[in-house]
Amino acid sequence: MKFASSYEPGEYESDIYGAWEASGVFAPSTPTVPVDDDGDGVDDRSAVNTYSIVMPPPNANGNLHIGHGLTIAVEDSLIRYYRLRGKSTWYVPGADHAGFETWVVYERELEKHGHTRFEYSRDELYAKVWDFVAEQRGNMELQLRALGASCSWNDLTFALDENVIDRAYTTFEKMWNDGMVYRGEKLVNFCTKHQTAFADIEVEHKDEKGTLWDIAYTYDGGEIVVSTTRPETLFGDTAVAVNPEDTRYKDVIGTTVHLPLTDREIPVITDEHADPEYGTGAVKITPAHDFDDFEVGERHNLERIKVIAEDGTMINTPEKYLGLTTAECRKQVLKDLKEQGLLRGEKKITHSVAHCYKCGTVIEPMLKEQWFVDVKKLAAIAIEHLEANEIKFYPDSKQKILIDYLKNLKDWNISRQIPWGIAIPMFRKADTTATDEPDWIFDRRTHLKEIEVGGVKYTRDEDTFDTWFSSSHWPIVCTDWTEGNFNPYYPLNAMETAGDILFAWVARMIMIGLYVTGEVPFREVYLHGLVLDAHGKKMSKSKGNVINPMDLVTKYGSDAFRLGILRGRSAGMNQAFSENSVIAGRNLCNKLWNIARLVQSIVDEGGAEDDGSTYTTDNMGEDWICREINACLDQVEQCMQEYRFAEAVEVLYQTIWDKYADWFLESQKIFKNTDLLRKTLEVILVALHPFAPFVTETIWQNLSWTEGFIIIAEWPHRLKYDPISASEFDSLIGVVSEARATLQALPGTNNAKKYGLLYDKDSLVEDNKLLVRTLTKVPSINHLDGAPRGLRLALANHELYLDVPAYVVKAYRDALTEKILAVGRELDSLNARMLNPSYVNRAPAHLVKETKDQIQEKEKLISRLKNQLHLI
RNA sequence: GGAUCCUUAGCUCAGUUGGCUAGAGCGUACGAUUCACAUUCGUAAGGUCACAGGUUCGAGCCCUGUAGGAUCCACCA
């Protein structure tokens, strides 16, 4: 006996994975460079049946979290399914440099050792982080293997690989030449702790309690009171704005007021931005430190005075306030205003405040010169292709959400002040007197700080690209797409990722993909929601409810984890997850293991035939299981096409456990059709393989007659069977179930062993005595001799009696009465339906006929039960 | 303020274009046990499908509204 009595995943999983990896089955079966055998200049593989997915790259030096676990479960199931279906599959793994994330970790490391980033040059820092990441790398890749990801490791793409950088530069250069990249001084979201800018989507807005202060700005003969939550920025005020419709201030418009604590006069202007309903209706305008004020400033040509430096301290203020932090300055300003009698009131309010998503520091809108991508054209093209339904979304509601986002997209700030990233390939003219030369030039030599072009010296921009700029090329770089060459793996068949990066990543991949290749980067997008804890709460370190996928893999096995995380999950939904579903998965693996163990032992006993490819069905249970397996395959195929993984797993679970094991294998303890057992076991193993790769492969390797790897087996064809015979087995199941239920309901225990079964004119039971006896465990089945006796089973088309003594029948009387009433209620509702002329006339004929048949059957049943009751 | 999604058994969720008595896993109760599996087998209890209308022969499903929950976007001087 090769099979242990229970399946212990830990004993097999790493060996199985190693064997797959060594055999080369993960690599696509067709080469990825163009093939032109006949020399006609056309790639000869245009008809190749391919399926490709690229992995959203996990952080190279991090650990996988539960969301990665879900990603891999989904992607790998797809890849394995299409591999079995004969496609040349390419699953490209990736590793992200995770620019900001890694940088935060590294900077903390520096601080621990008493250093700061400002002690080093950009190049030094880059080299240091590179070493740091290299040291930490590898865990993540081992964890992907533990999850069973059947990805092509030779093609692993790291976000800072030469080809990734090269591709980003090529696109940037194209954009520069197309005039889609510009350098602009704009307000950016700035974290004063990390001293870097962020894109809008990287900022977290939180509702916070704050104070709204009223401050008087005086003028000769009066004052105008403004409301602000940020009094310390008043040094940067260059105007006070009121709404043009606001009659209260019509006399002051066009004049100037005195800016408190300074000797400056600022104008009173009118602008729609001022809301007469809010506060006093007058608002101070600080173009250098507020997004709305910036726009007001643009409209009115106001000066932008920076009063907060990048380290969060005050500049360009009266001397008293210079160098204070914003918080200190606010205190001081309020104190001074109060002393001067200019503070007119304060009120507690709740407002949303932008925070750095990593350190929680309040984001400071900061005036900076940065590189921006003009997204209008990119977005317009993307919208056009999305509206043409070139990409199918799961869930489909995301398509509209994405289009709406693209319609309102603002220009994209791609500059980051973090050394750990791809250097922006732009150089600035060092000598400002050389007026004929352009200020900025594109050049790929970013390893140099300074270059000379045409006798003019240029220095490199110190900034790096926003991570999303390079990662939006992921489908392009991972598939080695090159201009002018047919690539059978681009566009990707599917892009699977977390729903919360729809805008940050998916939107940008679509825009960049179209810009670079002219084609959408993928045909379908499957977005998964958050994996919540067992009570539907978000997982977070502070709540302590984080589930580590690797712990579950260690405890229950990789397959159990995969089955568990897919269960009860649908596209785009945030759904709870608990260990229970993983346990259910573990149990299925063990069940399958024991199914294989039983089948192998029957095959061993029966002496293996030389060829298992042919089989016959010799009895109704065999026809029935073939029918059920075919139906299961139909459903699995349908589900895979529609990304309904949970349902696919559910169907397989039911078929394997409730049908194959509980009915078919039980019946095979009598019949033992070894050819069919082998065939059907192979089919269910292959069908389950995409979801539970390890246990199915382990079994495959242990079975005496199978060859090769199941991972590259052929997806099963439909089984041949006799449908009439199969449906007879349905009747038999009905008989057995009713007998079991009745026996259970009788008073006393162990009834199945006590009472025999009697039949009259029932060929189904007569012909299958042994089978019925085995399934019900009754001690005997005999033909009724003489008058009916015992307890008649509640089956319309069978005359069957449990041979129980009269006193037991009497004890069953109440249950019988209840049963008659229940059937009566069903009969009533059926009759009511038939009495409705609209139903009879309008409903489809087959439904009406069905109802008629059912009425007949219920009537038959009810009269027999009543007869039984009468006898008692 | 705008948008999207959700509300079905004690818990977590299925329920594909409307069709008969609404399903599963876990949990619960009762029973079984040499003979593949206690990670097992059998049986059962448990649901006004959030609420109110409407369309239809027929609604968990379609339409309108209400309530509750989640997420996203925008704004908040």
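In what follows, chains are A, B, ... by sequence order, proteins preceding strands, each numbered from 1. Keep in mind that what you see is a predicted model, and the values were worked out from it rather than measured.
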Show each protein N/O and nucleotides 26-30 of chain B N/O combination with a separation under 3.5 Å, one pair to a line.
{"unit_1": "B:rC26", "atom_1": "O2'", "unit_2": "A:Asn580", "atom_2": "ND2", "d": "2.8"}

Are there any protein N/O atoms within less than 3.5 Å of an N/O atom in nucleotides 5-10 of chain B, and if so, which ones and at what distance?
none

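Aromatic rings of A:Tyr12 and A:Tyr7 (six-membered ring for Trp) have centroids within the 6.0 Å cut-off, being under it.
Taking the nucleotide of RNA chain B with the nearest heavy atom to each of A:Ala241 and A:Arg586, the more 5' of the two is matched to A:Arg586.
The side chain of A:Leu598 lies closest to B:rA36, out of B:rA36, B:rC72, B:rC75. In this structure, of B:rC37, B:rC72, B:rA24, it is B:rC72 that holds the atom nearest to the side chain of A:Phe503. Distance from the side chain of A:Gln575 is smallest to B:rA14 among B:rU71, B:rA14, B:rC75. For A:Arg597, the side-chain atoms get nearest to B:rA36 when compared with the rest of B:rA36, B:rG15, B:rU21. Candidate nucleotides B:rC41, B:rG31, B:rA36 were compared by shortest atom distance to the side chain of A:Thr749, and B:rG31 ranks first. Closest to the side chain of A:Asn574, out of B:rU43, B:rC13, B:rA70, is B:rA70. Among the nucleotides B:rU4, B:rG19, B:rC75, the one closest to the side chain of A:Leu847 is B:rG19.
Base contact: A:Glu826 has a heavy atom under 4.0 Å from a base atom. A:Glu666 comes within contact range of at least one nucleobase, with a heavy-atom separation under 4.0 Å. Residue A:Trp657 is in sugar-phosphate contact alone, with no base atom involved, counting any heavy-atom pair closer than 4.0 Å across all strands shown. Residue A:Arg825 is classed as having no contact, given no heavy-atom separation below 4.0 Å to the nucleic acid. Residue contacts for A:Leu212: at a heavy-atom cut-off of 4.0 Å it reaches the sugar-phosphate backbone alone, with no base atom in range. Residue-level contact check: A:Thr286 touches neither bases nor backbone, having no heavy atom under 4.0 Å from any strand.
Protein atom CD1 of A:Ile595 is 9 Å distant from nucleotide atom C1' of B:rA36, rounded to whole Å. Atom C1' of nucleotide B:rG69 and atom CG of A:Leu530 are separated by 15 Å, given to the nearest angstrom. Put simply, NZ on A:Lys410 is 10 Å from C1' on B:rC75, counting in whole angstrom units. Separating the CD atom of A:Glu642 from the P atom of B:rG15 is a distance of 11 Å, rounded to the nearest angstrom. Nucleotide B:rA24 holds its P atom 24 Å from the CZ atom of A:Phe645, rounded to whole Å. In this structure, A:Leu665 places its CG atom 12 Å from P of B:rC41, rounding to the nearest Å. In this entry the distance linking CD1 of A:Ile656 with P of B:rG25 reads 14 Å, nearest Å. With rounding to whole Å, A:Ile602 atom CD1 is found 12 Å from B:rC35 atom C1'.
Taking 4.0 angstrom as the limit, A:Lys591 places a side-chain polar atom (N or O) nearer than this to OP1 or OP2 of B:rC41. Residue A:Ser838 places no side-chain N or O under 4.0 Å from the OP1 or OP2 atom of B:rU56.
Judged by distance alone, the side chain of A:Asn243 and the main-chain N or O of A:Ala274 form a donor-acceptor pair under 3.5 Å.
Side-chain contact check for A:Pro365 versus A:Asp290: every heavy-atom pair is 4.5 Å or farther apart. Contact check for A:Arg678 versus A:Leu681: no side-chain heavy atoms found under the 4.5 Å cut-off.
Taking atom C1' on both nucleotides, B:rC51 is separated from B:rA45 by 28 Å, rounded to a whole Å.
For RNA chain B, runs of at least 3 consecutive pairs of the Watson-Crick or G-U wobble type, with both hydrogen-bonding distances under 3.5 angstrom, map to B:1-7 with B:67-73, B:10-13 with B:23-26, B:28-32 with B:40-44, B:50-54 with B:62-66.
Not a single donor-acceptor contact under 3.5 angstrom links the side-chain atoms of A:Arg567 to the base of B:rU12.
Below 30°, between 30° and 60°, or above 60°: for A:Tyr643 and A:Tyr526 the angle between ring planes is below 30°, a parallel geometry.
When each of A:Ile501, A:Thr497, A:Asp500 is paired with A:Leu527, the side-chain contact (heavy atoms from CB on, under 4.5 Å) condition holds for A:Thr497 and for no other.
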